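Structure first, then comments.
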Amino acid sequence: MEMLTCRLNRLTLLLLIGFILPTVSYAQGQEFNVDSLKNKRVVVTKYDGASFTGVIKSADDREILIDAEGRGRMYIPLHVIRSIREISINQKDGYSMFSTRYFLTTNGLGMTKGDKYALLNYYGPEAQFAVADDFTLGVMTTWAAIPLIGSAKYSIHFDDNFHMSLGTLVGTLSWIKLDAAGILGYGAFTIGNYENNFTISAGYAGVTYDGEGGSAPLLSLACLFRLGSNLYFVGDSFIYLGETPFTVIVPGLRFERPFKRSSIQVGIGGIVADGEAIPVPLPLFSWFFDLQ
């Protein structure tokens, strides 16, 4: 038992180091080429967390002049700027990469290339990386690294308020039983934008364990609605349609910190099975934070 405990502690430490070191190294090596971003729509983020969206009109070796949306033209010294990022043509007003995720499921909205975030729950960590516009790769697990799941998602935008994504989750019980594995393919359809949306998604999951396998269809209904300047209502569900069907329902609130660099999400879960509703005794607590 002591050997198992030590092993779990080492795994937890490695996971924490894996999240912390990329963040530190990225912050220390952050560079940007202002000349290549002139007359382009960008997001400028300062070291104090303030963020401005607009078009860079001019720049020299000391400062930039940005025509900021809703604020007018302003000069910003280069030494106070943490990052300058061009906004993708697919990125809409009100964009927040945290809005691509609910409690349990994702949606049809996409992330902009270079964006990345971590999601910490009391049961384990998750990280998502936009390797290209609207194409995201991620990893999720528990603090014991059981199971270990990789994810991939590609988003398609039909117009400003109709989006679709195709994705997959592939997982294993990792060091406990590497050959015990599962895969889930899904499609999600979202009506709305990054501030207010409704999503219906469907998928099909298959698992294998000791040479035996099983499969079942899955459904989900989820939503996100802005209630105030930094407050959202989040509703999520997970509907299992196997031999013993059940539904997980999670309503809750998301508190978004200023400048959209982190969010805290709290929800109350319940399970509906055989016509009975069973509340989950522990609230779901999640912390989103920007890895840039």
Side-chain angles (χ1 to χ4, degrees), residues 96-109 111 117-128 136 138-144 146-147 149 151 153 155 163 165 167-169 171 182 184-205 207 216-228 230-242 244-257 260 262-289:
S96 171
M97 57 185 167
F98 305 145
S99 296
T100 62
R101 178 65 187 270
Y102 304 111
F103 281 101
L104 308 172
T105 63
T106 183
N107 54 36
L109 299 169
M111 289 169 54
Y117 72 84
L119 172 59
L120 295 183
N121 301 285
Y122 56 77
Y123 54 81
E126 174 182 340
Q128 297 292 333
T136 307
V139 61
M140 60 191 76
T141 186
T142 65
W143 295 114
I146 310 169
I149 302 172
S151 67
K153 186 182 94 168
S155 297
H163 318 269
S165 67
T168 185
L169 300 173
L184 165 64
Y186 68 87
F189 299 87
T190 298
I191 297 174
N193 52 39
Y194 288 90
E195 296 183 330
N196 300 281
N197 58 69
F198 174 81
T199 298
I200 179 170
S201 56
Y204 200 84
V207 297
L218 307 171
L219 292 175
S220 175
L221 301 175
C223 64
L224 175 75
F225 296 107
R226 178 184 283 277
L227 301 178
N230 297 308
L231 180 64
Y232 294 83
F233 171 79
V234 183
D236 204 353
S237 65
F238 179 89
I239 305 170
Y240 175 76
L241 299 175
T244 307
F246 65 89
T247 300
V248 179
I249 302 174
V250 186
L253 295 174
R254 178 179 298 175
F255 304 91
E256 190 166 89
R257 299 184 65 184
K260 301 183 179 181
S262 67
S263 292
I264 294 174
Q265 187 168 266
V266 182
I268 303 294
I271 301 175
V272 179
D274 294 329
E276 296 184 4
I278 306 170
V280 177
L282 291 176
L284 292 177
F285 178 84
S286 305
W287 176 29
F288 295 83
F289 62 92

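Note that the coordinates shown come from a computational prediction; the quantities given were computed from them, not determined experimentally. Position 1 is the first residue of the sequence; numbering continues from there.
- In this view, Phe189 and Phe162, Met164, Ile200 satisfy the side chain to side chain contact (heavy atoms under 4.5 Å, CB included) rule, not counting sequence neighbours.
- Ring planes of Tyr117 and Phe98: perpendicular class, angle over 60° (limits at 30 and 60°).
- Residues meeting the side chain to side chain contact (heavy atoms under 4.5 Å, CB included) test with Ser201, sequence neighbours left out: Ala188, Ser220.
- Shown here for Ser263 and Glu256, the closest heavy-atom pair between the two residues is OG-CG, 3.3 Å.
- Taking the six-membered ring for Trp, Phe225 and Phe233 have ring centres at least 6.0 Å apart.
- Remark: Gln265 CD to Tyr232 OH distance equals 11.5 Å, nearest 0.5 Å.
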Test side chain to side chain contact (heavy atoms under 4.5 Å, CB included) applied to Val250 and Leu104, step by step: CA-CA 8 Å; Val250 186; Leu104 308 172; 4.1 Å; yes

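- Residues Val234 and Leu224 meet the side-chain proximity criterion, which asks for heavy atoms closer than 4.5 Å.
- Using a 4.5 Å heavy-atom threshold, the side chains of Leu119 and Arg101 count as touching.
- Once rounded to the nearest 0.5 Å, the distance linking OG of Ser151 with CD of Glu126 reads 6.5 Å.
- Side chain of Lys153 to main chain of Gly108: no donor-acceptor pair is present (N/O by atom type, distance under 3.5 Å, no hydrogens or angles).
- Taking both residues in full, the closest heavy atoms of Ser99 and Tyr194 are given as OG-O, 2.7 Å, listed atom of the first, atom of the second, then distance.
- Inter-residue side-chain proximity for Val266 and Arg254 is flagged as unmet; no heavy-atom pair is nearer than 4.5 Å.
- The structure places CZ of Arg226 at 9.5 Å from CG of Asn193, a figure rounded to the nearest 0.5 Å.
- Side-chain N or O atoms of Asp236 include none that pairs as donor or acceptor with a backbone N or O of Ala222 at under 3.5 Å.
- Among all heavy-atom pairs drawn from Ala205 and Leu218, the shortest one is CB-CD1, 4.0 Å.
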Derivation of the side chain to side chain contact (heavy atoms under 4.5 Å, CB included) call for Ile249 and Phe238: CA-CA 7 Å; Ile249 302 174; Phe238 179 89; over 6 Å; no

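- In this structure a side-chain-to-backbone donor-acceptor pair under 3.5 Å is present from His163 to Gly192.
- Ile264 CD1 to Ser286 OG: the interatomic distance, rounded to the nearest 0.5 Å, is 10.5 Å.
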Derivation of the side chain to side chain contact (heavy atoms under 4.5 Å, CB included) call for Gln128 and Met97: CA-CA 10 Å; Gln128 297 292 333; Met97 57 185 167; over 6 Å; no

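- At least one side-chain heavy atom of Phe289 sits less than 4.5 Å from a side-chain heavy atom of Leu120.
- Thr199 pairs with exactly one of Thr106, Thr190, Asn107 by the side chain to side chain donor-acceptor pair (under 3.5 Å) rule, that one being Thr190.
- Between Phe285 and Trp287, the ring center distance fails the sub-6.0 Å criterion.
- Between Ala273 and Phe246 the shortest heavy-atom distance is CB-CB, 4.0 Å.
- With Ser237 contributing its side chain and Leu221 its backbone, the two residues share a donor-acceptor pair below 3.5 Å.
- Minimum heavy-atom separation, Ala277 to Pro279: O-CD, 3.9 Å.
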Stepwise side chain to side chain contact (heavy atoms under 4.5 Å, CB included) check, Thr247 with Tyr240: CA-CA 6 Å; Thr247 300; Tyr240 175 76; over 6 Å; no

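- The CD1 atom of Ile271 sits 6.0 Å away from the CD1 atom of Ile278 when rounded to the nearest 0.5 Å.
- Of the inter-residue distances, the one linking Tyr204 atom OH with Leu219 atom CG reads 12.5 Å to the nearest 0.5 angstrom.
- Proximity of a side-chain donor or acceptor of Asn121 to a complementary backbone N or O of Tyr123 within less than 3.5 Å is not detected.
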